[in-house]
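First the structure, in the form of structure tokens, and then the observations on it.
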Amino acid sequence: AIVIITDTTGCMTYVNQKFCDITGYSREEVIGKNSNILNSGYHSDAFYKQLWDTINSGETWHGEIRNKKKDGTFFWVETTISPVFGEDGTPKQFIAVRNEITKTKKALTLLQSTIDYFPGGISIYNADNRLVLANDSWYKMLDIPKHHFPIGSRYEDLVRYNREGQEDNEIHDAEQIVAERIALISRKEPYSVEHRCANGRIVEVNGFPLPQGGFVNTYLDVTERTKTNESLNSTQELFNLVVTDSGIGIWDWYPEQDRLFLHSSFQNVIGAGKADVYEFGDYMLELVHPDYRQVFTDAIKRDLLKGDGKLDITVRITRSDGELAWATITGRAFRDPNGRVVRALGKITDTTKLKQSELELLEYHKNLELKIAERTREVKQSHNRLQSAIDALSQGFILLSPEGEVVISNSRMHDFYPEAAESLTAGSKLSDYLHSIHPDLTDEEIIAKCEEVLTSDLVNERTLDDGRIIRIS
């Protein structure tokens, strides 16, 4: 993944090698430069304003951006930008982790041409439940005005539009239907419902969750109940198209028979393989790196088979070519009436790039902490050298900040004013020091004297209690 760190103005302070490989810029060319050198001109000012408003408020921004390389060519990145907070709780810098998705964007164009041939309506939504793709049949079948609901429209607004256009008194409240549909897609499971459109036609809606979040809905006009089987086969083909090259593999396990069914997408993660039936224990334990086999086995027994029936673990795996990779294995168990797990369905996701980005960030912060510690030691040594120098003076010495606080003083000052020793330490206020040596002055007189000391070229003489006369300047 591309990793960029900027200050609060957008100037880049760190880029990783992946940034240089993809953009064509060297580190020397971009460090200190504003990240807008990557601006392709594709996005509006409002787009960037919303991005900056989000991260400046302390929140994380996620979205897709089209950038421009050094040679002028364009590329797409899926971007997550997170603020790094200072001690005062405000953002001090921003860390952007970007994954190139240029091929994915091209695949979406290809997918759009594919779904246009689907014998029914189809709409695809991202993890934020916003419309990503839809064919013309979908707009026509549901009688949805395309200019009112373009790409990026919210799923709940589409449901609400269809319900509010109906006059059937038996139809539930529109907001109740919206809530039911949101709950349905949030279950992350395939579903099938019948939908009565505002134009009176009945449509069968089949929904399929996508491995990386979001879902696909297919719409079949079943008013006459025709061509259902052919359309369902097309739906499965579309699902296969969506998961192909996604970096996710689907697995289906039946524990009592120890039979593991692998979807053909499994080769996306392991690098090779085919849809087939295996023994779960033998196959999965061979896939998981030896260092992680015990923790993986424990998670299967503790979480999937005995716990809440949900598995979520990140382990190292050995791909078919022998290379090591990171993978997140998730799953859900299904139980019979007696509580026994009879089936578990899940996915394996290649998270190698994400793990590498995390390790790069950890290494960066480690080096940053070392630099801060070294700088702290240097400052302390400089202070000690300065203290030794002024302690060697035969005169008394005190350095005040413009705000009237003691920055440093030498031991000779302590000899002159032993009664004011505590108020001569770093951080003490000038007013406390003057109170110590002029206990008879009022607060107003002390304030006036502070102003005089801080703003005037003061030169006077003072007789100490032991009879010595000192000159103050």
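Computed over heavy atoms, backbone and side chain alike; hydrogens, waters and symmetry mates excluded.
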Tell me whether Glu374 is salt-bridged to Lys371, with the criterion being a basic N under 4.0 Å from an acidic carboxylate O. no
Would you indicate whether Lys69, at its atom NZ, is surrounded by more than 12 heavy atoms from other residues, nucleotides or ligands within a distance under 6.0 Å? yes
Looking only at heavy atoms, which two atoms of Val132 and Asn126 are closest? And how far apart? CG2-N, 3.5 Å
To the nearest 0.5 Å, tell me how far Asp350 CG sits from Arg319 CZ. 6.5 Å
Whether the side chain of Ser40 engages the backbone of Lys68 through a donor-acceptor N/O pair (distance < 3.5 Å, no angle test) should be reported. no
I'd like to know whether OH of Tyr42 has more than 12 heavy-atom contacts from other residues, nucleotides or ligands below 6.0 angstrom. no
For a quick test of reading the model, state the closest non-hydrogen atom pair linking Ile398 to Leu424 and the distance between them. CD1-CD2, 3.8 Å
For a side chain to side chain contact (heavy atoms under 4.5 Å, CB included) check, start with the C-alpha distance between Leu184 and Arg187, then their side-chain angles and the critical distance, and finish with the verdict. CA-CA 6 Å; Leu184 187 64; Arg187 289 163 52 188; 3.4 Å; yes
Among Ile65, Asn67, Ile101, which one satisfies side chain to side chain contact (heavy atoms under 4.5 Å, CB included) with Phe75? Asn67
Is any side-chain heavy atom of Val97 closer than 4.5 Å to one of Thr79? no
Do Leu51 and Ile81 have side-chain heavy atoms sitting under 4.5 Å apart? yes
Just wondering, do Met12 and Ile37 contact through their side chains at under 4.5 Å, heavy atoms? yes
Salt-bridged, Glu175 to Arg160, with N to O below 4.0 Å? yes
Going from CZ on Arg154 to CG on Asp128, what distance comes out if it is rounded to the nearest 0.5 angstrom? 11.5 Å
Got Tyr125 and Leu158 here, is their nearest side-chain heavy-atom distance under 4.5 Å? yes
Roughly how far, to the nearest 0.5 Å, is OG of Ser123 from CG of Leu131? 6.5 Å
Does Ile313 form a side chain to side chain contact (heavy atoms under 4.5 Å, CB included) with Val295? I'd like the steps, not just the answer. CA-CA 9 Å; Ile313 185 173; Val295 68; 4.3 Å; yes
OH of Tyr161 to CZ of Phe149, rounded to nearest 0.5 Å, is 6.5 Å
Treating Ser44 as the side-chain partner and Phe47 as the backbone partner, does any N or O pair qualify as donor plus acceptor under 3.5 Å? yes
Can you establish whether the number of heavy atoms outside Gln50 located under 6.0 Å from its atom CD is more than 12? yes
Taking the ring of Trp253 and the ring of Phe334, is the distance between their centroids below 6.0 Å? no
Quick one: do Lys49 and Asp53 make a salt bridge, cutoff under 4.0 Å? yes
Which heavy atom in Ala299 sits nearest to a heavy atom in Leu311, and how many Å separate them? CB-CD1, 3.8 Å
Approximate separation, where rounding is to 0.5 Å, of Thr80 OG1 and Arg98 CZ: 10.5 Å
Output yes when Glu29 and Lys70 qualify as a salt bridge under the 4.0 Å nitrogen-oxygen rule, no when they do not. yes
Side-chain touch Glu156/Ile185, heavy atoms, less than 4.5 angstrom: no
Determine, for Lys310 against Asp303, whether the closest basic-nitrogen to carboxylate-oxygen distance falls under 4.0 angstrom. no
Partner of Val15 under side chain to side chain contact (heavy atoms under 4.5 Å, CB included), chosen from Val3, Ile2, Ile4: Ile4
Taking the six-membered ring for Trp, are Tyr14 and Tyr364 closer than 6.0 Å centroid to centroid? yes
Assess whether salt bridge (charged side-chain N to carboxylate O under 4.0 Å, His left out) is satisfied between Asp291 and Arg316, documenting all intermediate values. CA-CA 8 Å; Asp291 292 347; Arg316 298 215 71 174; over 6 Å; no
With a 3.5 Å distance limit and no angle check, can you tell me whether Thr352 reaches the backbone of Ala325 through a side-chain donor-acceptor pair? no
Work out which heavy atom in Ile348 is nearest to a heavy atom in Ala327; give both atom names and the distance. CG1-CB, 3.8 Å
Give a yes-or-no answer on whether the side chains of Thr90 and Lys92 include a donor-acceptor pair shorter than 3.5 Å. yes
Are the side chain of Asp7 and the backbone N or O of Gly10 linked by a donor-acceptor pair below 3.5 Å? yes
cation_pi(Arg259, Tyr254) dist<6.0 Å, angle<=45: no
Return the NE2 to OG distance between His435 and Ser423, rounded to the nearest 0.5 Å. 10.5 Å
Can you find a heavy atom in the side chain of His438 that is under 4.5 Å from one in the side chain of Asp440? yes
So does Asp45 have more than 12 non-hydrogen atoms from other groups sitting under 6.0 Å from CG? no
Please report whether the ring centroid of Tyr155 lies less than 6.0 Å from that of Phe215. yes
With no hydrogens and no angle check, is any side-chain donor or acceptor of Asn410 less than 3.5 Å from a backbone partner on Gly396? no
When you look at Thr328 and Asp312, which way does the side chain to side chain contact (heavy atoms under 4.5 Å, CB included) test go after all the steps? CA-CA 7 Å; Thr328 297; Asp312 190 343; 3.6 Å; yes
Could you walk me through whether Ser153 and Arg130 satisfy the side chain to side chain contact (heavy atoms under 4.5 Å, CB included) test, starting with their C-alpha distance in whole Å, then the side-chain angles of each, then the deciding distance to 0.1 Å, before giving a yes or no? CA-CA 5 Å; Ser153 298; Arg130 291 184 178 272; over 6 Å; no
Identify whether the distance between the nearest side-chain nitrogen and carboxylate oxygen of Lys449 and Glu445 falls below 4.0 Å. no
Is the backbone of Asn39 close enough, under 3.5 Å, to the side chain of Asn36 for a donor and an acceptor to pair up by distance? no
Distance only, no hydrogens: is a donor on one side chain within 3.5 Å (strictly under) of an acceptor on the other, for Glu360 and Gln356? no
Is a side-chain N or O of Ser82 found less than 3.5 angstrom from the main chain of Thr60, in a donor-acceptor match? no
Is the side chain of Ser436 donor-acceptor paired with the backbone N or O of Asp432 at a distance under 3.5 Å, no angle test? yes
Please examine the side chains of Leu260 and Asp252, heavy atoms only from C-beta on, and report whether any two atoms are closer than 4.5 Å. no
Closest heavy-atom contact between Pro190 and Pro209? N-CD, 3.6 Å
Please name the pair of heavy atoms, one in His62 and one in Glu78, separated by the smallest distance, quoted to 0.1 Å. NE2-OE2, 3.3 Å
Polar contact flag, side-chain donor to acceptor under 3.5 angstrom, Tyr433-Ser431: no
Is there a donor-acceptor pair under 3.5 Å between the side chain of Thr349 and the backbone N or O of Thr351? no
Give a yes or no answer on whether the side chain of Thr318 reaches the backbone of Gly322 with a donor-acceptor pair at less than 3.5 Å. no
Are the side chains of Ile329 and Val315 in touch, meaning some heavy atoms are under 4.5 Å apart? yes
Glu378 bridged to Arg375 by N-O distance under 4.0 Å: yes
Tell me if the centroids of the rings in Phe94 and Trp52 come within less than 6.0 Å of each other. yes
